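Model, not experiment: these values are computed from the prediction.
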Amino acid sequence: MNVILITACPSGVATTFLAARGLERAAAQRGWKTSVEMHGQLAPLVPVDAATLEAAQLVVVAASAPVDLARFAGKRVYQAPISEALPDPRAFLTRAEAEARPWSPTLPANSVPPLPAATAGSPRIVAVTACPTGVAHTFMAAEALLQAGRGLGYPLRVETQGSVGAQDALTAEEIRAADVVILACDIEVDPSRFVGKRVFRTSTGAALKKSTQTIREALDKATVLEGAQGERAAAPASKDGQRGPYRHLLTGVSFMLPMVVAGGLIIALSFVFGIEAFKEKGTLAAALMDIGGGAAFKLMVPLLAGYIAYSIADRPGIAPGMVGGYLASTLGAGFLGGIAAGFVAGYGAQALSRYVKLPASMEALKPILIIPLVASLVTGLVMIYVIGEPVAALLSSVTTFLKTMNTGNALILGALLGAMMCFDLGGPINKAAYAFGVGLISENTYGPMAAIMAAGMVPPIGMGIASLLARNKFSEPERDAGKAALALGLCFISEGAIPFMAKDPLRVIPVSVLGGAITGAMSMFFGVQLMAPHGGLFVLLIPHAVNHVLIYLLSIVVGSLVIGVGYALVKTGKAELPGATKESSPVVGKSGAAVGSN
């Protein structure tokens, strides 16, 4: 049978690729002739040609993102969320063959699947997932929760707040009908629409690795979110989702990150015309430098401070936070001063909101006049007279040390940053190292970021290499997961190695840390500098985004080989990756295809 397979997930990265490969393999086992369309970012979209479309007897659409189906009018089409295709592609194709119907434009093609009807006694659950970069953990945690909910027999809908904005947004009706709300977020999200509902806070890591346990804890421990509709309120924290300085910092980094990426790459584009071409006024190189360095980079620290304050005090914190962040930039305190300004402004605005009591007739003035005015004044004075100069001196010492350190110190710092990136693959230690590198980019210090990105790429690449070198030690699903990890690693998506780390942490973590430390040490030792904080090997397409390209590639190759060869040697036995119902790795289905997305 001639079949067209179409996959699409909200981020267009991991899940799109993994579902396509799983369905393609399952179709081949049935003897079907397939053509695949992946609507994602790993490769340009190549629509099926007219001859293939004409010959197609079945169109299978596994998509949780909009896909235009108008060209398939009259064809037998089966469409379902991509999460349903990942656990068991063979069963998915069986359903597709049996339930496909001729498609017409009158059918709802791209609507979000509604919340399933609850069986007797089944609680209705809705969830929101969000991580600082909005790439990997956001979507992987969502898929894990969906699978765990399906395994428990509970109706569950998940909204992802990723780098592309909110996807599969929860409707007011779904929220009203929900018995429990799970906020699996590493950054602060506005919970005001959940006021009056039972809310449980956790992290994306907990939702990803312990999805079934997370749902059970939510049902048992969720507490009612108090406050007025439209007014932001705090929910009692769980042990895995505590509110605090770390979460507020990650929220600021999350909002600052797009500015860092844009600014760094635009600066790199100005170098295409020559490293010092921007010094000639009126040239395109000078204009690019003004945009990247003169505008984007100057806005980074105010954004960081403003959204740290927003995470703490909601909207009234933005103005004083950005004022403090701008002062940090002008005083030379940089990103460290911006972090300090964000916390001063945020907690100051929060204190004014809680403890300053006004007559009811004047209460409306607090968020638009009194809090911004007083908090901005206090934050500004604190930055100018107390924090600014000491933090500027500290930052100057740090940057001077980084730019003038000897080879021994460079090796130690690179090894430390590389090891941190590979220890927990998106956890608190990984994010701390990443935030450090992003912050230094705003100070025109690019060496640590090169070590951080290179080290973050090697665990998934290494797992892919290991699955190729020691095929007899890996089952077929594990080898398939290894191929996917290779692709994800090249994109700087460290989470591609999570299925292996979750299954065999005592072996994977040590070899990953060793390989990452070697990669980071080599990158720092040879003085590699990277302008952009994301993009993996694709940033090499921009001239001068990396200064020593061959050395940079060598660092990645060496670290990947250390991990790949090392794990191939120490891995024992031949066992399937755990299924979706097992807590050790909820992101891997029975077919072995990793569930998740970047």
Side-chain angles (χ1 to χ4, degrees), residues 128 130 161 172 175-176 181 183 185-201 221-239 241-252 254-255 301-328 333 337-388 391:
V128 178
Q161 295 195 10
I175 294 173
R176 277 196 304 272
V181 178
L183 297 181
C185 305
D186 298 323
I187 61 175
E188 195 59 33
V189 298
D190 184 3
S192 59
R193 55 188 166 147
F194 305 121
V195 166
K197 309 300 296 185
R198 295 181 63 229
V199 174
F200 179 77
R201 287 180 178 267
K221 300 179 181 179
T223 56
V224 175
L225 180 62
E226 298 178 353
Q229 286 291 338
E231 174 185 329
R232 185 145 142 190
S238 74
K239 63 182 181 180
Q242 294 179 350
R243 296 162 56 89
Y246 182 69
R247 182 188 292 268
H248 302 319
L249 173 62
L250 291 183
T251 301
S254 176
F255 280 94
V301 174
L303 273 176
L304 173 66
Y307 281 98
I308 289 174
Y310 165 78
S311 178
I312 298 169
D314 203 11
R315 291 183 182 180
I318 292 180
M322 288 194 171
V323 168
Y326 182 79
L327 287 171
I339 292 172
F343 284 111
V344 170
Y347 286 118
Q350 186 184 67
L352 290 169
S353 178
R354 287 181 178 177
Y355 303 118
V356 173
K357 304 300 180 182
L358 297 175
S361 60
M362 299 182 62
E363 192 68 22
L365 293 177
K366 281 175 63 176
I368 61 174
L369 174 61
I370 296 173
I371 295 176
L373 170 63
V374 177
S376 296
L377 181 62
V378 171
T379 303
L381 292 174
V382 169
M383 290 303 299
I384 292 172
Y385 291 110
V386 181
I387 294 177
V391 174

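- Residue Arg176 holds its CZ atom at 13.5 Å from CZ of Arg193, rounded to the nearest 0.5 Å.
- Partners of Ala333 under the side chain to side chain contact (heavy atoms under 4.5 Å, CB included) rule, at least two apart in sequence or in another chain, are Ala328, Val391, Ala392.
- A pairwise comparison of heavy atoms in Ile312 and Gln350 identifies O-NE2, 3.3 Å as the closest pair.
- For the salt bridge (Lys or Arg N to Asp or Glu O under 4.0 Å) test, residues two or more places apart in sequence or in another chain that qualify with Lys366 are Glu363.
- Taking the side chain as every heavy atom from C-beta outward, Val181 and Leu183 approach each other to under 4.5 Å.
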Show me the donor-acceptor pairs within less than 3.5 Å that the side chains of residues 371-379 make with the rest of the protein, sequence neighbours left out.
residue: Ser376; atom: OG; partner: Pro372; partner atom: O; Å: 2.6
residue: Thr379; atom: OG1; partner: Ala375; partner atom: O; Å: 2.7

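- Distance check, rounded to the nearest 0.5 Å: CG of Leu225 to OG of Ser192 gives 8.5 Å.
- By the 4.5 Å heavy-atom criterion applied to side chains, Val128 and Phe194 are counted as neighbours.
- Considering all non-hydrogen atoms of both residues, Ala349 and Pro316 come closest at CB-O, 4.2 Å.
- Shortest non-hydrogen contact noted between Met322 and Tyr307 is CE-CE1, 3.9 Å.
- Side-chain contact check for Val189 versus Gln161: some heavy-atom pair is nearer than 4.5 Å.
- The two residues His248 and Ser311 make their nearest non-hydrogen contact at ND1-OG, 2.6 Å.
- Nearest heavy atom pair, residue Ala341 against residue Gly325, reads CB-N, 3.8 Å.
- When all heavy atoms are compared, the tightest approach of Ala340 to Ile387 is CB-CG2, 4.0 Å.
- Between the CG atom in Leu303 and the OG atom in Ser254 there is a gap of 11.0 Å [rounded to 0.5 Å].
- For the ring-ring contact (aromatic ring centres under 6.0 Å, His included) test, no residue two or more places apart in sequence or in another chain qualifies with Tyr347.
- One finds the SG atom of Cys185 at 12.0 Å from the CG atom of Leu250 (value rounded to the nearest 0.5 Å).
- Every residue meeting the side chain to side chain contact (heavy atoms under 4.5 Å, CB included) condition with Ile339, not counting sequence neighbours, appears here in chain and number order: Leu249, Leu304, Ile308, Phe335, Phe343.
- In this structure Val356 satisfies the side chain to side chain contact (heavy atoms under 4.5 Å, CB included) test together with Leu352, Leu358, sequence neighbours excluded.
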